[in-house]
Amino acid sequence: MKLFKALACATAFAAVAFSSVAQAAGYPERSITMIVPFSAGGPTDTVARLVAESMSKDLGQQIIIENVGGAGGTLGAGRVAKADADGYTLLLHHIGMATSATLYRKLPYDTLKDFEYVGLVTDVPMTIVTRKDMAASDLKGLIEFAKANKDKVTVANAGIGAASHLCGMMFMSAIQTPLVTVPYKGTGPAMTDLLGGQVDIMCDQTTNTTKQIQGGTIKAYAVTSPKRLDVLKDVPTAVEAGLAGFEVGIWHGVYTPKGTPAAVNERLSKALKVALKDPNVAARFAELGTVPSSEADATPAALKAKLESEIARWQPVIKAAGQYAD
Ligand code: ASP
């Protein structure tokens, strides 16, 4: 009986292994959907579209972007957690995948149990920017203005768990002044309102702000990278501008639903590596102050390690702040 059971198990295991290889062998046979958990036109969307276009060429099938914004990226992530684990639904998310695991005490998915990993995509600094007609000439002046008008000064973000939310909270905590936050489904629409002067301040990825800063349609007060950026040479780092320790980098990763065959994730990771070496992608990333992940990081193991370490890193910070989404 024991032998029979062992044989049955071995056969079942072989069947699963075979089906996973078989699924990867012909994969992909049709177009793939990549969910971006923020609005179209924003920075996560920009990264996703650049990478997806190049990955599509390597895969021989189109990757179609679907924007599912809301609740700081958790709606889109929830959609992918519940999707079929067949390699035809992907998620491109950023650091919010890690922070929302603590910020939201009731998520409709388990961040560490409901996903598989494809690889890391890029690292992007943030910028502290304002509407164009903000009078302050430097970050010190902006902080003085914000403190003096704290009940009126608005800070746009993409909802709790978004990178802009995280950076905005860090800013308010650094200046020890709560300001009025205005949530959007992504910083694409938030940028439209910043350009129109309907909101005052935003802390957002360079992917969204570089062109506007260069064009003078918004004002930049700081970048959150350890060094100044080549594409924004005149913008000081937040530390240089007076905010000690204010450094934050936004990393992006591609995920699939739990149970997606390892061979499929590896195939996607291969396409991701090709995309990150694509000269067009590299050139666009460079223009936007974005650094593509290395070949070693564009892998399932590297993304898994990153997500786990980032959850562990942010958990005590968020718990200490006692700021939850519910
Ligand atoms: N930059 C946004 C954020 O704050 C997301 C986006 O719209 O891409 O996370």
Side-chain angles (χ1 to χ4, degrees), residues 34-48 65-83 90-112 114-115 121-122 124 126-129 154-173 178-194 199 201-205 207-209 224 248-255 306-307 310-326:
M34 180 182 271
I35 305 257
V36 171
F38 298 103
S39 319
T44 314
D45 183 66
T46 300
V47 167
I65 303 291
E66 193 182 334
N67 298 89
V68 183
T74 60
L75 285 185
R79 173 85 81 80
V80 176
K82 308 249 164 341
L90 320 179
L91 171 70
L92 190 144
H93 203 341
H94 61 26
I95 188 172
M97 185 76 169
T99 52
S100 55
T102 308
L103 280 166
Y104 287 77
R105 282 178 289 200
K106 282 185 226 119
L107 274 180
Y109 55 87
D110 185 315
T111 307
L112 286 174
D114 290 349
F115 298 91
V121 180
T122 178
V124 194
M126 303 291 273
T127 43
I128 299 174
V129 293
T154 48
V155 184
N157 67 37
I160 298 181
S164 47
H165 168 255
L166 184 70
C167 191
M169 295 301 287
M170 283 172 64
F171 180 68
M172 289 183 243
S173 141
L179 304 169
V180 185
T181 52
V182 185
Y184 294 80
K185 284 189 176 173
T187 46
M191 176 59 83
T192 306
D193 276 6
L194 194 70
V199 283
I201 304 179
M202 180 158 74
C203 186
D204 200 27
Q205 286 104 308
T207 333
N208 203 26
T209 59
T224 67
V248 50
I250 305 305
W251 50 274
H252 295 76
V254 175
Y255 306 82
K306 179 78 172 180
L307 181 69
E310 285 281 282
I311 290 177
R313 173 176 163 220
W314 286 102
Q315 205 169 53
V317 179
I318 295 165
K319 284 192 173 162
Q323 304 258 0
Y324 296 102
D326 41 19

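Since the model is a prediction, treat every value here as computed from it, not as a measurement.
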Student: Nearest 0.5 Å please: distance from the CD1 atom of I311 over to the NZ atom of K306.
Tutor: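 Separation between the atoms: 12.5 Å.
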Student: To the closest 0.5 Å, what do you measure between NE2 (H93) and CG (L307)?
Tutor: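 Answer rounded to 0.5 Å: 10.0 Å.
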Student: Mind checking the OG1-CD1 spacing from T154 to I201? Nearest 0.5 Å is all I need.
Tutor: 7.5 Å
Student: At what distance, to the nearest 0.5 angstrom, does CE of M202 lie from OG1 of T181?
Tutor: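 M202 CE to T181 OG1: 14.0 Å, rounded to 0.5 Å.
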Student: Flag the pair M97 / L91 as yes when at least one side-chain heavy-atom distance between them is below 4.5 Å, and no otherwise.
Tutor: yes
Student: Looking only at non-hydrogen atoms, find the nearest pair between I250 and A163 and report the distance.
Tutor: CD1-CB, 3.6 Å
Student: My understanding is that only residues two or more places apart in sequence, or in another chain, count here; which of them pass side chain to side chain donor-acceptor pair (under 3.5 Å) with T209?
Tutor: T127
Student: Per the salt bridge (Lys or Arg N to Asp or Glu O under 4.0 Å) rule, what does the pair list look like for residues 159-169, sequence neighbours excluded?
Tutor: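 Counting only pairs at least two positions apart or across chains, no salt bridge (Lys or Arg N to Asp or Glu O under 4.0 Å) contact touches residues 159-169.
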Student: Just to verify, what does T44 make a side-chain contact (heavy atoms from CB on, under 4.5 Å) with, not counting sequence neighbours?
Tutor: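 Here the qualifying residues are V36, F38, L92, H94, Q205, H252.
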Student: Just so I know, are the side chains of N208 and T46 near enough to count as touching, which here means a heavy-atom distance under 4.5 Å?
Tutor: no
Student: Determine all donor-acceptor pairs shorter than 3.5 Å in which one atom belongs to a side chain in residues 183-190; sequence neighbours excluded.
Tutor:
| residue | atom | partner | partner atom | Å |
| --- | --- | --- | --- | --- |
| Y184 | OH | D193 | OD2 | 2.7 |
| T187 | OG1 | D204 | OD1 | 3.2 |
| T187 | OG1 | D204 | OD2 | 2.8 |

Student: Going by salt bridge (Lys or Arg N to Asp or Glu O under 4.0 Å), name the pairs with one or both residues in residues 156-168, residues two or more places apart or in two chains.
Tutor: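 Residue pairs with at least one partner in residues 156-168: there are none.
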Student: Are any non-hydrogen side-chain atoms of F171 and I128 less than 4.5 angstrom apart?
Tutor: yes
Student: Specify the closest pair of heavy atoms between V248 and T224, including all atoms of both residues, with the distance to one decimal.
Tutor: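 Heavy atoms only, the tightest pair is O-OG1, 2.6 Å.
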Student: Listed by chain and number, what are the side chain to side chain donor-acceptor pair (under 3.5 Å) partners of T192, not counting sequence neighbours?
Tutor: none
Student: When rounded to the nearest 0.5 angstrom, what distance separates CH2 in W314 from CG in L166?
Tutor: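 W314 atom CH2 to L166 atom CG measures 4.5 Å (nearest 0.5 Å).
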Student: What heavy-atom pair brings G249 and I95 nearest, and what distance separates the two atoms?
Tutor: O-CD1, 3.9 Å
Student: For a quick test of reading the model, state the closest non-hydrogen atom pair linking G159 to H165 and the distance between them.
Tutor: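 Minimum heavy-atom separation between G159 and H165: O-CB, 3.2 Å.
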Student: Supply the atom-to-atom distance L179 CG to M169 CE, rounded to the nearest 0.5 angstrom.
Tutor: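 Reported value, rounded in 0.5 Å steps: 10.5 Å.
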Student: Who are the side-chain contact (heavy atoms from CB on, under 4.5 Å) partners of S173, not counting sequence neighbours?
Tutor: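 Once residues adjacent in sequence are excluded, S173 has no partner under the side-chain contact (heavy atoms from CB on, under 4.5 Å) criterion.
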Student: With a 4.5 Å limit on heavy-atom distance, are the side chains of V124 and P43 in contact?
Tutor: no
Student: State which residues pass ring-ring contact (aromatic ring centres under 6.0 Å, His included) with Y104; sequence neighbours excluded, sorted by chain then number.
Tutor: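 If we apply the ring-ring contact (aromatic ring centres under 6.0 Å, His included) test to Y104, skipping adjacent residues, there are no hits.
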Student: Please name the pair of heavy atoms, one in F115 and one in T111, separated by the smallest distance, quoted to 0.1 Å.
Tutor: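 Minimum heavy-atom separation between F115 and T111: CD1-O, 3.5 Å.
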Student: With a cut-off of 3.5 Å and sequence neighbours excluded, list every side-chain donor-acceptor pair involving residues 72-82.
Tutor:
| residue | atom | partner | partner atom | Å |
| --- | --- | --- | --- | --- |
| T74 | OG1 | A71 | O | 2.7 |
| R79 | NH1 | E66 | OE2 | 3.1 |
| R79 | NH2 | E66 | OE2 | 3.4 |
| K82 | NZ | P108 | O | 2.6 |

